[in-house]
Each structure stands twice: as C-alpha cells, then as structure tokens.
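Below is one structure; the comments refer to it alone.
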Number of protein chains: 2
Amino acid sequence: MTTPVLQQQPTPEHFFNAINAYELTEAIKTAVEMEIFTAIAEGKTTAAMIAKRCEAVERGVRILCDFLTIHGFMSKEGAHYALAPDSALFLNRHSPAYAGTATEFLLTPRIRECHAQLTEAVRRGGTALGEGALEPENPDWVKFANAMMPLMCRTSETMAAELQKGGEAHKVLDVAASHGMFGISVAKQNPAAHIYASDWRNVLEVAQKNARAMGLADRYHILPGSAFETDFGSGYDLVLITNFLHCFDPPTCTTFMRKVHAALNPGGRVAIAEFVPSPDRVSPPTAAAFSLMMLAATPCGDAYTFAELENISKDAGFARVELAVPEIGINRLVVAYR
Amino acid sequence: MTTPVLQQQPTPEHFFNAINAYELTEAIKTAVEMEIFTAIAEGKTTAAMIAKRCEAVERGVRILCDFLTIHGFMSKEGAHYALAPDSALFLNRHSPAYAGTATEFLLTPRIRECHAQLTEAVRRGGTALGEGALEPENPDWVKFANAMMPLMCRTSETMAAELQKGGEAHKVLDVAASHGMFGISVAKQNPAAHIYASDWRNVLEVAQKNARAMGLADRYHILPGSAFETDFGSGYDLVLITNFLHCFDPPTCTTFMRKVHAALNPGGRVAIAEFVPSPDRVSPPTAAAFSLMMLAATPCGDAYTFAELENISKDAGFARVELAVPEIGINRLVVAYR
C-alpha cells in the first residue's frame, strides 16, 4: 500500500512509481514461487547462497531481494538479507502460518483480467466480466478455499476468541464457509458447538476435509447450495458471515440478513467479518482500497462502512449492531444482535 | 512506492497489499485514460460531476477517486475531491507539464510481459525476452520519445541549468537523444551551442520535430544509427548520456565511455543522468527499485551506484567524476571530466 507522500518540490516520482506498482505484485509472486523467503529462513542470507538454494543466478536474486527490501519484506545488512517479522511468519514455507498460497487465488487470471478492464468497470459501475465468480459451483471458490485458508487461520482464531466473550453458542451457521476455518475455530474453542456450513457442494469438500483433520467430523454438518436459496433451518445462536456481504449491493445484503434473522434464536448473534472503511471511505487504507477490488470483480459489491452495515442489519430486523474493537486480521468484526 | 511499515502485531496485511499492488497501476492508467484528473482541474469535484464529464457511472468514479485518494493523488473533503499538487501539475491535460502520456510507453505490452516472466529473469539474471528493445530502429523507442518527453521537460531544464554553471558548451553531443529535450534544453539556455543528436533514424525524427518547434533547426544536427557504431566526430565540449548506461553491463559502459572520451576536447565534460542508488542498493527507493526494471527488461542492465559510474568513467580515461547535488527530476546527475 503506497503511503501518501508530502513533497516540497513537484516531482513526477509518485506518478512514475504508481505506474510501475505492478512490479511489486510480480516480485512478491516470484519470490513466493522461488521460495526466496524460505531460503533466508533456512539461513541462506546472501544473494549467492539464496541463488544456489533457489536455482537462480546471483545477480537476479540480488536485484529481487533488494527490491523486496525496499518494500519492507526484508532488511539488508552488508550483503546479508534478513526476513521482516511478517515475512518470517507468513512467507517461510516451514512456518505453520505460511500463507504464500494466497497468491494462487488472488492472482488468478480472472481477477487480473477484471483489473485490466478497469476503465470499463468504472464506466459501467461494476465488473466488465459479467456475473463470473458468483455462478454455482465455480471452481475458483475451491481454489480460494485452499489458497486463502492459511491467511485466515489466525484471523478465524482471533474472531472465535472475541465471539466466545459474548457467550457460548451451541448451533452455529457458517455462511459461505469456504475453507471452513471460521466455523472450525468456533468449534475448537467451544466443545458444545455444532457447525452448519453453507457453500457450494464442491467447496464444502474442502471445509469438511479441514473439519475432519481437526477431529470435528461429528459436529460438522453441511448445507450445500446457494446461500440465498438453501434452507438453513432454525435455532441458531450464532451465524458467521465472513467476507461475503461485500460481493452484493445493499438491498441484496438486507434480503439475506432477513433470512439469517429468521434462522436465529431470540438473542442470537450474527458475526460479520468485513473490510470496513471509515465514513470518509479513504481510510484505513487496506479496508478502503478493497472497494476497488469489488468494483473490478463484482457486478455491484462494495466495502461497506459500519453505518451501512448497521443500516442493512437494522432494516433486516436486528435490534442492535456493534463494531468490535480488535482487528480481525485484515478485517473488522461487526456483531448484529437479534 | 510502498514505504516499509513497522508493525507491532504480525499481520498478513503488507503481503496482501503487495499481491494487489498492480491495482494501483490499473487505477492510474484508467484515471489518465478517462481524464479524471483533468475533470477535477476543471472544477468537477464530486463523483457525480466527474462521472458526467468522463462518461461513467458515479459509483465507479467514486470508488476510483477514493482509491486514488488513498494513494495520495487527491485529497477528499466531504464529497469533494481536490488534486494533490503533483497531480495538478503532471496529470491535468491542460497543464503545460502534463505527463499522462508516460503510461503509453511504461505500460507497453512488452514491458508488462517482461515482468510477467520475472521468475525466469531472476533464474537467468536477465530479461526472459531476449535482446528485444535494443535492436535497431525498434518502434518502441519512437513511442518512448513521444510518451516520455513531457515527463522529461522539467528534468532536462534543471539539468541544463546545472550544467551551465560549469561553463558554456559550443559543441554538444546528445547520446540516445530520444525526444531530444536534454540537448534542446542546453541549446535554449546557451545560444552558442550546436547539438549533435545520436539515436536511431526513426527516433531522431521526433527529436528534430521538437528542435524545429523550439526554433533550433539551424543548430540541431543528427547522427543516425547505433550509438556504439556511429562516428561521433570530435571537438565536443559536452556529451549528454541520459538514462542510457543502465541498459548495459559495466564492461560495455566502459567501452562506450572510452569512445565518448575520444570525441571530447581536453577539459570537456560528460553529463550522465541516471537512477543512482546508494551503496546499499536499497535506497533511495525509486532509484534502487529501478534495478528490477532493468533485470526484467534488459539482458544485463542495472541501476549503477556512484562508485560504479566513477569506476566505469575512470577506466575509460576520465580524470575526475562528480555527483551533482540537486536531483534532476527522478534522476541524479553525474559529471565526468576529461
């Protein structure tokens, strides 16, 4: 994320760097693919050592590592590179929190293509690529589930811990469950909870596999099909809606929240994990910038402010809506109470 | 350019944003193409007004302008956008310093493709696309000359003023003249100077057109062909080598500087405009990052440190080499004395 720079003298430098911003995308993709971060974690700290480990030429590795140092992924002391703390945690393949797989979804050809047609998206106010990824059983969501799971592991644990403070849930609906980690984290922290996961059937295979691996098979149930059409049943204490509402326009969100409201017990809660920009829509940077991803990739999705999520929830019948204080990874947590 | 961020809690946010860095490239390309900055300069300050002027939907414009605000190209006050000073100068089509055309060269398919094959470039230590743009009369350099001229106008004036302090030059060689602005700026500030421009014949047509437009036709001479093979003649007081050496490896640079040395009068100077990283090669960010562009796009080019440029010049016979203090746009100025 570029930080706005205040300059004394006018210079085209900021413009020049913005045009070339895609170089960082390619550099991080290449570094993950070549296991550059993993090599450094293994103690290969010079360009020559990394080059040998990663089957490359020293000059190529030196230039790539310098570039990643400029962008804060490493530090450099003499000829030695060291991983920044985030890189050590998320980009070293030996780390349990390794999230390098995220590039495999975030840089799929469809998402790149959406942005290549950004002018058309701005002109029409929505993606230039039609309904695309929102169609039934789209295999991109299986890829998403596999690729994004590591990135969401810590996030889902943080969220489950935060929700636990509000009381134990026994019957939990996990909407657009994907990799299943949000529901699974709740079940891990709360042995009484049964999880009902809603998503396309092909995607739920990933969630079920993950639930089984955590020893939760007997408390993990699936509701395959469109979240808008599937019968959720009733009697839920808690519904998880994580990074789902941003794909739709506010009336569609309200309709969906009404359906969720009907499935909840009195006093039940909905936990919404989302990119939540401030009312100015230009801060904080990551949450606010997510709006462009939705413009490029969806017909009418957006990153919603807390006030917008509150309105959507109240229009759907919820009594009270709160923004939880701690950040949930790169998301915020909004809780709506029936 | 992303500024390294020091974080207390580990978060995948920096990684997530780096993967998505290409969105800024697409956003700036779209905004230039749609004349969003020009619309704001004309007083269309809300998304609705800009949308009308730029033939787009308000929602699309709002999201794009918010994104550009996050990245420092605008500011936002309520629903009103205002241009940052650099944007007003360089991105408003009505500004004499308008440089939006730079996207037309910097984002040509070949340069994008070089970076799409960055892994291969790192593995082999040079571009995955062969000699490419260095072949004779490549039309990309005509595109470069036309597209980059506005970006280099102020830079060339600053450089000419700095060189003027060192004395008046009568016979000036402009190597890889491109749009011709570096030589033209010297001729404008010094009515005694004759400029000899070296570049491919198709590119020199652009330089000649610009020289004629400035009323300099009778003092503007051309030397078409490869800079390595063309006979420059002799008796020069000043040679301009602007953003050229970075395309080649140090031995090739030395060979070339030897040729230039032979063409200079005793006491003559070479003015080298370049991206000059510090000895650590990771600062300042824009100059240091340019190295990756050379890795991706050339067989063995690089951004050279001052010490490297000094060595190249001294090996070629130059007596003294100096780094001029002021920045020359996004470049630095290195002067080598015969």
Side-chain angles (χ1 to χ4, degrees), chain A residues 1-5 7 10-19 21-28 30 33-34 56-57 59-61 63-64 66-67 69-72 76 85-86 89-90 99 102-103 106-107 115 118-119 121-125 151 280-282 285-286 288-289 291-292 295 330, chain B residues 1-5 7 10-19 21-28 30 33-34 56-57 59-61 63-64 66-67 69-72 76 85-86 89-90 99 102-103 106-107 115 118-119 121-125 151 280-282 285-286 288-289 291-292 295 330:
Chain A
M1 179 76 32
T2 298
T3 305
V5 177
Q7 281 139 348
T11 153
E13 188 167 348
H14 191 50
F15 174 49
F16 179 78
N17 286 328
I19 296 173
Y22 72 98
E23 288 190 278
L24 178 55
T25 300
E26 306 296 353
I28 199 85
T30 286
E33 197 176 313
M34 296 183 71
V57 161
R59 171 185 139 81
V61 169
I63 292 175
L64 178 64
D66 284 346
F67 190 84
T69 301
I70 296 164
H71 286 277
K76 187 181 181 186
D86 289 353
L89 187 64
F90 296 111
T103 57
L106 292 171
L107 298 176
H115 285 87
L118 183 62
T119 300
V122 173
R123 289 209 190 282
R124 64 166 77 170
L151 205 64
D280 63 14
R281 289 192 180 279
V282 294
T286 301
S291 197
L292 191 81
L295 175 67
I330 52 178
Chain B
M1 180 73 35
T2 299
T3 305
V5 178
Q7 281 139 347
T11 154
E13 187 167 350
H14 191 49
F15 174 49
F16 179 78
N17 286 328
I19 296 173
Y22 72 99
E23 288 190 279
L24 178 55
T25 299
E26 305 297 353
I28 199 86
T30 286
E33 197 175 313
M34 295 183 70
V57 161
R59 171 185 139 81
V61 169
I63 292 175
L64 178 64
D66 284 346
F67 190 84
T69 301
I70 296 164
H71 286 277
K76 187 181 182 186
D86 288 353
L89 187 63
F90 295 111
T103 56
L106 292 172
L107 298 176
H115 286 87
L118 183 62
T119 301
V122 172
R123 289 210 190 281
R124 65 166 77 170
L151 205 65
D280 64 14
R281 290 192 180 280
V282 294
T286 301
S291 196
L292 191 82
L295 175 67
I330 53 178

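The structure displayed is predicted, hence computed values, not measured ones. The figures here come from the full heavy-atom set of this structure, side chains too, leaving out hydrogens, waters and symmetry mates. Within every chain, numbering begins at 1; the chains are lettered A, B, ... in the order of the sequence lines, protein sequences first and strands thereafter.
- Residues A/T119 and B/M34 have side chains in contact (heavy-atom distance under 4.5 Å, counting atoms from C-beta outward).
- B/L24 and A/A21 get closest at one heavy-atom pair: CB-CB, 3.8 Å.
- Contact of A/R281 with chain B is made through backbone and side chain together, with heavy-atom distances under 4.5 Å.
- Proximity to chain B involves both the backbone and the side chain of A/E23, based on heavy atoms less than 4.5 angstrom apart.
- Proximity of a side-chain donor or acceptor of A/T69 to a complementary backbone N or O of B/V282 within less than 3.5 Å is not detected.
- In this structure, A/D86 and B/P10 approach most closely via the heavy-atom pair OD1-CA, 3.2 Å.
- Under the ring pair (Phe, Tyr, Trp, His ring centres under 6.0 Å) criterion, A/F90 pairs with no residue at all, not counting sequence neighbours.
- Using a 4.5 Å cut-off between heavy atoms, A/D280 touches chain B through its backbone atoms (N, CA, C, O) alone.
- Taking the ring pair (Phe, Tyr, Trp, His ring centres under 6.0 Å) definition, one finds that B/F15 meets it with nothing, sequence neighbours left out.
- In this structure, chain B has heavy atoms under 4.5 Å from both the backbone and the side chain of A/L64.
- If you measure heavy-atom distances from B/L89 to chain A, the contacts under 4.5 Å come from the side chain alone.
- What you find for B/V122 and A/V61 is that their closest heavy atoms are CG1-N, 3.9 Å.
- Ranked by non-hydrogen atom pairs under 4.5 Å with chain B, the options A/I28, A/L107, A/L292 are led by A/L292.
- Taking all atoms of both residues into account, the shortest heavy-atom contact from B/I70 to A/P285 is CG2-CB, 3.8 Å.
- The choice from A/S291, A/G60, A/A121, A/A27 that makes the most heavy-atom pairs within less than 4.5 Å of chain B is A/G60.
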